[in-house]
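Below is one structure, written out as structure tokens, with a few remarks after it.
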Amino acid sequence: MENDAALLIVDVQNDFCPGGSLAVPEGDTVVPVLNGYISVFRTAGLPIFASRDWHPRMTSHFKEHGGQWPVHCVQGSHGAQFHPDLALPGNAIVISKGMDPERDDYSAFQGTAADGTPLPTLLAARGIRHLYLGGLATDYCVKESALEGIRHGLIVTVLTDASRGVDLAPGDSERAVQEMMRAGVRMTSLEGIRQEQ
Ligand code: VGL
Ligand code: ZN
């Protein structure tokens, strides 16, 4: 990996895992794989970002207020916490998103750190040019974050073995992968990254 790379772990939260209110099929299977990536990026001294869906209780994102989704990832709730087995290092930068009650905001690029700094500003300040990302869900937040990364001029690589999709309609995740690849997003796996070392 280049020294201008960073890892972005997308929305690995209880509500997106089995037992959660918007469970992604096999969502929790990404956790041990992501822990492998965390170890690789830590060893290389590269920054690690973790985004979280962080909704107010009332938002047009939720079905009960006209949106598409069951109530999930409400600020401060158990469902909004990261999966307990995700081994985030203490210096990981948490990016919260989805706080605007009138927008869906799937992309982590719309999110901010605890002090309000937007993700694109944080990436630019660290000279990040290549973003590796994986997590939940392939067909929503992973896809939108990857596409927005490309629009920001970054090299973007999706970690396919560390991502799973909602698949509301069968094939959504596969179509998301095709759409990302057409936009110039690269795909790799832990094996691929380790072979680079
Ligand atoms: C997401 C659906 C609703 C995601 C967030 O993180 O992919 N999906 N809110
Ligand atoms: Zn959401």
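If you read the sequence from its start, that first residue is 1, and numbering goes on from there. Whatever order the structure lists them in is the order used to number ligands and atoms, beginning at 1.
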Is R57 salt-bridged to E64, cutoff N-O under 4.0 Å? yes
Within the side chain of T117, is there an N or O that forms a donor-acceptor pair under 3.5 Å with the backbone of A113? no
In a check of side chain to side chain donor-acceptor pair (under 3.5 Å) between S96 and each of H55, Q75, R52, which one passes? R52
Numbered in order shown, the ligand 1 atoms found under 4.0 Å of a heavy atom of H72 are 3 (C), 9 (N)
Check T188 against T157 and note the closest heavy-atom contact, atom names and distance. CG2-CG2, 3.4 Å
Do K143 and E179 meet the salt-bridge criterion of a basic N to acidic O distance under 4.0 Å? yes
Check each atom of ligand 1 against the heavy atoms of H61 and keep those under 4.0 Å away; list them by number with element. 3 (C), 9 (N)
Do V142 and ligand 1 have an N or O pair less than 3.5 Å apart? no
Look only at the side chain of D172 and the backbone of D139, and say whether a donor-acceptor pair between them is shorter than 3.5 Å. no
For Y106, is at least one N or O under 3.5 Å away from an N or O on ligand 1? no
For L136, counting its heavy atoms only, list the atoms of ligand 1 lying under 4.0 Å from any of them. 6 (O), 7 (O)
Atom 5 (C) of ligand 1: the protein heavy-atom neighbour that sits closest, reported with distance to 0.1 Å: D53 OD2, 3.0 Å
Please work out whether any backbone atom (N, CA, C, O) or any side-chain heavy atom from C-beta onward of D104 is under 4.0 Å from ligand 1, and answer side chain, backbone, both or neither. neither
For the Zn ion (ligand 2), every protein N/O/S atom that sits closer than 2.8 Å, waters excluded: D53 OD2, H55 NE2, H61 NE2, H72 NE2
Could you find the nearest protein heavy atom to atom 8 (N) of ligand 1 and give me its residue, atom name and distance? Y140 CB, 3.8 Å
I need the atoms of ligand 1 closer than 4.0 Å to a non-hydrogen atom of C141, numbered in the order shown. 1 (C), 4 (C), 5 (C), 6 (O), 7 (O)
Does any N or O in the side chain of S60 come within less than 3.5 Å of the main-chain N or O of P101, such that one atom is a donor and the other an acceptor? yes
Do R126 and D4 meet the salt-bridge criterion of a basic N to acidic O distance under 4.0 Å? no
Under 30°, 30 to 60°, or over 60°: which ring-plane class applies to F41 and Y132, parallel, tilted or perpendicular? perpendicular
Looking at S77 and V74, would you say the former's side chain and the latter's main chain have a donor-acceptor pair under 3.5 Å? yes
for atom 6 (O) of ligand 1, nearest protein heavy atom and its distance come out as D11 OD2, 2.6 Å
Please tell me whether E144 and S107 have a donor and an acceptor in their side chains that are separated by less than 3.5 angstrom. no
